[in-house]
Each structure stands twice: as structure tokens, then as C-alpha cells.
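As the structure lists them, so they are numbered: ligands from 1, and atoms in each ligand from 1. Below, all heavy atoms of this structure are taken into account, side chains as well, without hydrogens, waters or symmetry copies.
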Amino acid sequence: MRILVTGGAGFVASHLIDILVGEGHSVYVLDSLFTGASENLDPARLAAPDRLFFAQHDIIDEFQSAEQMKKLFGEDVAFDQIYHMACPASPIHYQIDPIHTMRTSVWGTYNALELAKRVGARLLLTSTSEVYGDPEVHPQPESYKGSVNCTGPRSCYDEGKRAAETLCFDYMRKHGVVIRIARIFNTYGPRMNIHDGRVISNFIVQAIKGDPITVYGDGSQTRSFCFVSDLARGLHALMNNEETCGPINLGNPDEYSMLEMAERIIELVQSTSTVTFLPLPEDDPKVRKPVIDLARRHLQWEPVVSLRDGITESVEYFRRKVQEEQDKEKST
Ligand code: UDP
């Protein structure tokens, strides 16, 4: 198949692309490189240099027409599938330019859906657990409509993704575009940006360096963390599933408080770091945990990587990254 991946240089998408290239598909990547990194595509480039195509492009700008496709990839590619994943996902990144984040979710998704409509491709949108906001229902099933603040600092992302889901459903109803929607819960693993600002990368890097572990608030807020290889498998299963069902939660239901997570990471890194408490960001959800019954039932999918194994693999990756950065600092 010919498969387009928007945001393909991002950490999650690059793991998915390894699967797609491994299956023999031709993969076309659009990425602005705002948070993605071209080096994330190196394993796929090595495996299939003639089947991986990359164009630096911000999806806010039109790419759906035949003319644009020719400019970006040298031909008007008749895509079979579109994984529409482009959007900064870390709170610090998506809040740098919130208006751009909203435009990415809404205009970017409009552009991607127009392309899907024109070439007859199936489109999978990577939505988010943020559509549930600061949830009043716990754990969160897909049927929960959410509790989202539409005027806060997180709204650009939360409401942007909610609008993106709406657009997908309207293109399905009005134009017959075949859609899939994944609501992704917190994910971690190799190829995360070392300065991503999210909790797992922060804690591991701080623990490696022996710096204080920055727990926001009193650390009682919870999250449920999925290792990236499990998530990539889930996205692939959802895209290729023939039943049209609504949005599907993809995440690991193992729930931890941030204080517990800090202690686990200190232990696994065998670090001398201690915990320091910083103010809780505005609108920070107090709990988050997916109900994954639909994914189990429709996709026969569930996460298999334990937190211990996932963190251990991530620590190896972050140790290399910290070392690279320290070597670079020394040489300049
Ligand atoms: N968090 C923290 N210390 C950090 C980074 C994040 O305690 O250095 C907390 C944050 O307040 C939130 C949770 O960890 O409650 C997860 O934050 P993250 O930014 O990873 O993702 P979110 O789930 O909020 O989108």
C-alpha cells in the first residue's frame, strides 16, 4: 500500500512507520519538524531507503491538491491509507503557540480529510485522552463525553482535537470518507524528545543526571502509561480493522500517581535524586485511566509491555541521549 503519515517524524509515528516499512508498504511522511526529528526515521530509512519518502511541510498549509502533492513528493500519490498524526502533543509544546496548535488540529485535519476524500484513502486520526478533560468519570470509556475547559491554557489542544474528531465524523457522514479515531493516552519510550517536558522523560532525565525530580502539585494526580511499541501496534490494528466503530481508547490501564512514578523511576535508574514539589499547572487533570474493552473486543489488542520493562528500555535510550548532549556541550 501507499501510506501517508502526517507528523511521521514524531516519536509515536516513527515507531508505527517501522511496522509499515517492515510490512513492505511505501510510506510518505509529512512533518514540519517543530517537535519531530528527522533522525527518528533513520531505522525505516535503513530498512527501506526506496520506500520511505519525506517532505518537510506544515499541515496548516494546503497539501491536498494534486499540484501540492507533486511539489512535495514528485507525483500525485494515490494513497490507500492516511495516518493523520501531526500535532505537538506535550503540554509545554502545544502551549508555546496555542493558536498554531488549534490551527494544526482543525485546518490540518480539514486538509488531510480533503486529501482522503479526493484520493479515496482511509484516514486514521490520532486523537487524545485530553478530549475527556479533567474527567468526572473514572476510568474513562469512549462513551464519556468529557469535562473540558474551553478557555484554559490546555484548550487549544483539547478542543482542537475534539473539533478534529467532529470533522472526521462529518466527512464520513457527508462524503463517505472511511475514518478511524484513536484516543491515545499517555505514551512513553525511546525516541521521545529529551526536552519533551512530559513527566516520564523529565523524571528519567532528572534521575540520570541526579537532579531533583520535579513533581507538580502534591503528586497525587494519576496517569496510565503505555509503552510506545504497544501503542504503535494498536494504531496499526485499528487502521486495518474492518468494523467501523467510533473512537477507540488506546492506552495502558495501569494507573500510577506521579509521586509513585517518581519513586519507581528513582529506583529503576538507581538514582540519588530526591523529589522536589513545584506548582501544579492550570487545568491539570486529576486522574486519567482508559477503559480498553472496545480495543480488546474489536482489535484483540491490549498492552503487553510492563512498566518495569518499558522504563528500563527508555532509561537506556535517555542515557545515550544525555551522554550525547553532554559530549556536545564539552566540544563547544
Ligand atoms: N508532571 C510532573 N512533573 C513533571 C512533568 C509533569 O509532576 O516534570 C505531571 C503533570 O502535572 C501531570 C502528569 O505529570 O499531572 C502528566 O503530565 P504530562 O505533561 O506528561 O502529560 P499530560 O497527561 O498532563 O498531558
- Message: Test your reading of the structure: does Val215 have an N or O sitting under 3.5 Å from an N or O of ligand 1?
- Response: no

- Item | Proximal ligand 1 atoms for Arg288, defined as those under 4.0 Å from one of its heavy atoms | 22 (P), 23 (O), 25 (O)

- With atom 9 (C) of ligand 1 as the reference point, say which of Glu130, Met261, Gln221 has the nearest heavy atom. Gln221

- Taking the minimum heavy-atom distance to atom 23 (O) of ligand 1, which of Arg223, Arg154, Met258, Lys286 ranks first? Arg223

- Task: Can you measure from CD1 (Ile248) to CG (Leu124) and round to the nearest 0.5 angstrom?
- Result: 10.5 Å

- Item | Numbered atoms and elements of ligand 1 in range of Asn186, under 4.0 angstrom, heavy atoms | 21 (O), 22 (P), 23 (O)

- For ligand 1, is there an N or O atom under 3.5 Å from any N or O atom of Gln206? no

- Message: I want to confirm something. Looking only at heavy atoms, which of Tyr157, Tyr188, Tyr94, Tyr216 is nearest to atom 4 (C) of ligand 1?
- Response: Tyr216

- Query: Any Lys/Arg nitrogen of Arg223 or Asp284 sitting under 4.0 Å from an Asp/Glu carboxylate oxygen of the other?
  - Reply: yes

- Query: Donor-acceptor pair, Ser224 side chain versus Arg288 backbone, under 3.5 Å?
  - Reply: yes

- Query: Do other residues, nucleotides or ligands put more than 12 heavy atoms under 6.0 Å from the CG atom of Leu278?
  - Reply: yes

- Query: How far is atom 3 (N) of ligand 1 from its nearest protein heavy atom, and which residue and atom is that?
  - Reply: Thr214 O, 2.6 Å

- Residue Arg264 excluded, over 12 heavy atoms near CZ under 6.0 Å: no

- Message: Checking Asp80 against His25: is there a side-chain donor and acceptor pair closer than 3.5 Å?
- Response: no

- Query: Any idea which of Val199, Thr276, Asp284 brings a heavy atom closest to atom 10 (C) of ligand 1?
  - Reply: Asp284

- Query: Going by the order shown, which atoms of ligand 1 are within less than 4.0 Å of some heavy atom of Asn202?
  - Reply: 4 (C), 5 (C), 8 (O)

- Query: Are more than 12 heavy atoms from other residues, nucleotides or ligands located less than 6.0 Å from atom CZ of Arg308?
  - Reply: no

